[in-house]
Amino acid sequence: MKARVTVTLKQGVLDPQGKAIEGGLKSLGIEGIGTVRQGKVFDIEVESADKAKAESVLRDACERLLANTVIENYRIELAE
Amino acid sequence: MKARVTVTLKQGVLDPQGKAIEGGLKSLGIEGIGTVRQGKVFDIEVESADKAKAESVLRDACERLLANTVIENYRIELAE
Amino acid sequence: MIPNEPKITPELVAEHGLKPDEYERFVALIGREPTITELGIVSAMWNEHCSYKSSRLHLKTLPTKAPWVIQGPGENAGVIDIGDGLACVFKMESHNHPSYIEPYQGATTGVGGILRDVFTMGARPVAALNALRFGSPDHPKTHHLVAGVVAGIGGYGNSFGVPTVGGSVGFHSRYDGNILVNAMAVGIAKADEIFYAKATGVGNPIVYLGSKTGRDGIHGATMASAEFDENSEEKRPTVQVGDPFAEKLLLEACLELMASGSVIAIQDMGAAGLTCSAVEMGAKGDLGIELDLDAVPCREEGMSAYEMMLSESQERMLMVLDPDKHDIAEAIFRKWGLDFAVIGKTTDTLRFVVRHKGEVMADLPIKELGDEAPLYDRPHIQNAFEPVLPPETVAAPMANGEALVKLVGTPDLSSKRWVWEQYDHLILGNTVQTPGGDAAIVRVGDGPKGLAMTTDVTPRYCEADPVEGGKQAVAEAWRNITAVGGLPLAVTDNLNFGNPEKPDVMGQFVGCIRGIGEACRALDFPVVSGNVSLYNETQGRSILPTPTIGGVGLLDDVRVHATVAFKGVGETLILIGE
Amino acid sequence: MKAAVITFPGSNRDGDVARALRQAGATVVSAWHADHDLPAGTDLAVLPGGFSYGDYLRCGAIASRAPIMDAVRAHAGRGGLVLGICNGFQILCESGLLPGVLMRNADLHFICRRQHLKVARADTAFTNRYHVGQVIDVCIAHGEGNYVCDEETLHELESEGRVAFRYCDAAGNVSRAANPNGSLNDIAGVFSEDLNVLGMMPHPENLIDDLVGGVDGRGLFESLAAA
Ligand SMILES: Nc1ncnc2c1ncn2[C@@H]1O[C@H](COP(=O)(O)OP(=O)(O)O)[C@@H](O)[C@H]1O
């Protein structure tokens, strides 16, 4: 089963990446861009065909490695 | 308008980071994970309220900075 | 008029870490009930970290003077004269608690803070060191903490562009729930171009520099702020995120600005950011300060005065500017892409006045905020000493070889290469002695002078006998510097202990300081800066007493130095000392 | 030889490379990322190491779009010399002046250590003080030095002799074990088609002094100073 995990910074946490990218876009003369916040996606093959099982494996992976839950949120989507 | 840009590595491009994460998950004893590919998301505020306009600004941003189109694909989603 | 919302309750006072009698003291000082912003301000000024209320009395006993000391403790960093018109500026600081919560960001912001302390004084950082203590290697959290802290220290220093040239790493189960991350920075400045925090002149602009202010690191009493929605899906994290890129720009902009002659006084925004920096600048200069928070560059919308005054957002500075140089200063900051805003002015009222949206949110006597902070002579006792073991009662090892292998295999004595290879220790091209020697050596500019530096402490000695342990830490730093050929000049310290309200912990603290003082006096090795970190304990169990000593020495000709490596076959080994 | 060292926001080895060039006898001037022109008379444009824009998007990505880069492109187009070290190499790849990309080190850690390199080509303006096969001892300090390109490009680089240096051990053996970051074919540096642009991950500028580790980096700067 294919899954996508999206990890984003919690609200209020400074995002130096996003800030630098904003600046980069401005200096390229690209107009009309407000704030930018950067996150990560992980496209993951999960061996299990059982949705609930796959989700629990991914949750474990997020909590323990993929996301830094002190400052990041994560979201798991499973492909149909 | 809020938008999300997702940048992922093209198929066939090596992803050392994804590989290392796979290894990391294994060594944590998390079972049932196949390949992992890592990408980026950008949550962007676009000033324009016009969808077509916003999309063209974002496309420009992707082509010129956000994605390295030699190795990366991008996808633009606009919030309703 | 001063808005009095919300009402100050005993719970709110407690959430701000103030004891009832401390709060009484504050009310008596200002003659009325404080506003929430004022409560926030005093909680920041009177906490242990800013006021040194438990340690001040004892720190005063340390020797801080010598003919080569230009600036002792009390400024952002200590300054010593190294000849040829140059000064060495250095300090060490802890970031223990944040690093336990989020090791990567905790370590980065620790490194960022100490680098700022050094370049605020006009010095260009030339080296960084660190002293780390982790829990037992088998503890489930240790692996994650080590990996995160080391990556964070490297992540910040490497990007900022300072070589991380030395440090120490140790493991002990007493740090399981409370690791230590002590970071030291060393910089070089012209001896007659050191910048201080003392404001001068009435009506001079107070300028805000660097990154924008967010809600980072606002502790404890966040619920006190009107905007905070307790039901919001996530509790706002209080973790600060370091931005070494912004800091690098801030460094270059500040040094350029200082060279332009526009800076009257400057102070970095560290703990309790705007509050501590503004109060210190005013109080040191016998001046009042007025701030208008509407001008503060904010990263988030709807920030209250309370939040702005307590935010610990990183990579920010406060400065008193020569009013005639406004345009020059602004141009420099714009060039480096940093925020620059006049947010207030100096006054002759000796009041600290904070306005927001046209209202006065705080109006406090500026000198008393620091001078009248509580001062405690906390009770201290000396734990019973462990009996000294006569050597003959310790069984000789079965085989020396085996014993050696066992020793070499212990975590504390293992190779630290994995750690220091993640630090750029070669940038700037002046690292004469890389990690792996007794002390690091960094050439000063194109030479011939060099600086030797080291961080040392052996916590189990300090636990067994605080006075002797304190002395030993100083002596080891001294020896490490002399061993590479340096003349030891001065130290910075980072005193990491448990809860000072416990007499036995306070006893360790007092004992170690006495030992450090005695050794420094005997060796003519004054303490020019330092940091105290108390309340390092979890579930009532305190860490080992860990007074880290950072020593700095001078090599007049850096080409003449010693290294640990054997140079050839058949050389004579000589044992020196008892 | 007049070398212009370009400072981007976040460059941090600009001083180091300027020192190495000066010591080798070059005239060194500085250039600013926001400038539209290189200083008049520039023979060599240098993109130094560092973390331009924090390396926050992709290493070198934002810097590669800076105004000065148009001037660098034009300079290279005229056959002018361009040297990119570490972050400079990343910027050159992002700007299209060199093929390929630099990805995270295979073990994901930043690595700073001494590193041996094997000189793969010595008949260029950058490397003529070395000889082919020579093993030099410099240092690396990077988190993203894993050189990756597609097969076709790799074939081109190899068949056209455009690899400048490869990672090797002290004895000169090029091998996976001596490769610190996982880069393809152990590539540590590559040339442009006309051999006038060099990008490399290691830092020869930090090995120009016996007191600070050795002098194996000097050859590069002496080659350039004489060019
Ligand atoms: N956290 C660290 N950061 C940088 N260098 C370190 C760190 N820890 C240890 N080192 C370096 O590794 C070497 C050996 O460290 P250590 O085992 O503590 O040795 P010693 O007890 O001889 O000082 C020293 O040169 C020291 O500077």
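If you're wondering where the values come from, they're calculated on a predicted model, not measured in any experiment. Worth knowing before you read on, the calculation uses all heavy atoms, side chains too, and leaves out hydrogens, waters and symmetry mates. A note on names: the letters A, B, ... follow the listed sequences, proteins ahead of strands, and every chain is numbered from 1.
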When you look at CD of Glu31(B), are more than 12 heavy atoms from neighbouring residues, nucleotides or ligands closer to it than 6.0 Å?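 Open.
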Heavy-atom neighbours of Lys10(B) NZ exceed 12 at 6.0 Å: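 More than 12 heavy atoms, drawn from other residues, nucleotides or ligands, come within 6.0 Å of this atom.
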Would you give the length of the straight line joining atom [atom1] of [X] to atom [atom2] of [Y], rounded to the nearest 0.5 angstrom?
{"X": "Gln17(B)", "Y": "Phe42(A)", "atom1": "CD", "atom2": "CZ", "value": "7.5 Å"}
{"X": "Arg4(A)", "Y": "Arg37(B)", "atom1": "CZ", "atom2": "CZ", "value": "12.0 Å"}
{"X": "Glu47(B)", "Y": "Ile33(A)", "atom1": "CD", "atom2": "CD1", "value": "8.0 Å"}
{"X": "Asp60(B)", "Y": "Leu28(A)", "atom1": "CG", "atom2": "CG", "value": "8.5 Å"}
{"X": "Leu66(A)", "Y": "Leu25(B)", "atom1": "CG", "atom2": "CG", "value": "5.5 Å"}
{"X": "Leu65(B)", "Y": "Ile30(A)", "atom1": "CG", "atom2": "CD1", "value": "7.0 Å"}

Could you check which of Ala61(A), Gly18(A), Ala54(A), Ala3(A) has the highest count of heavy-atom pairs closer than 4.5 Å to chain B?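 Of the candidates given, the most pairs with chain B belong to Ala61(A).
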Select, from Gly39(A), Gly24(A), Gly34(A), the one with the greatest count of heavy-atom pairs under 4.5 Å involving chain B.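 Of the options given, most contacts go to Gly39(A).
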Between Lys53(B), Arg64(B), Glu22(B), which residue shows the highest count of heavy-atom pairs closer than 4.5 Å to chain A?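 The answer is Arg64(B).
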Validation row: Gln38(A), Lys40(B) side chains within 4.5 angstrom (heavy atoms):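 Heavy-atom side-chain distance check passes, below 4.5 Å.
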Below 4.5 Å, heavy atoms only, C-beta onward: do Val41(A) and Thr6(B) meet side chain to side chain?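 In contact.
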Given that the side chain runs from C-beta out, which part of Thr35(A) has a heavy atom under 4.5 Å from chain B: side chain, backbone, both or neither?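 Interface part for Thr35(A): both.
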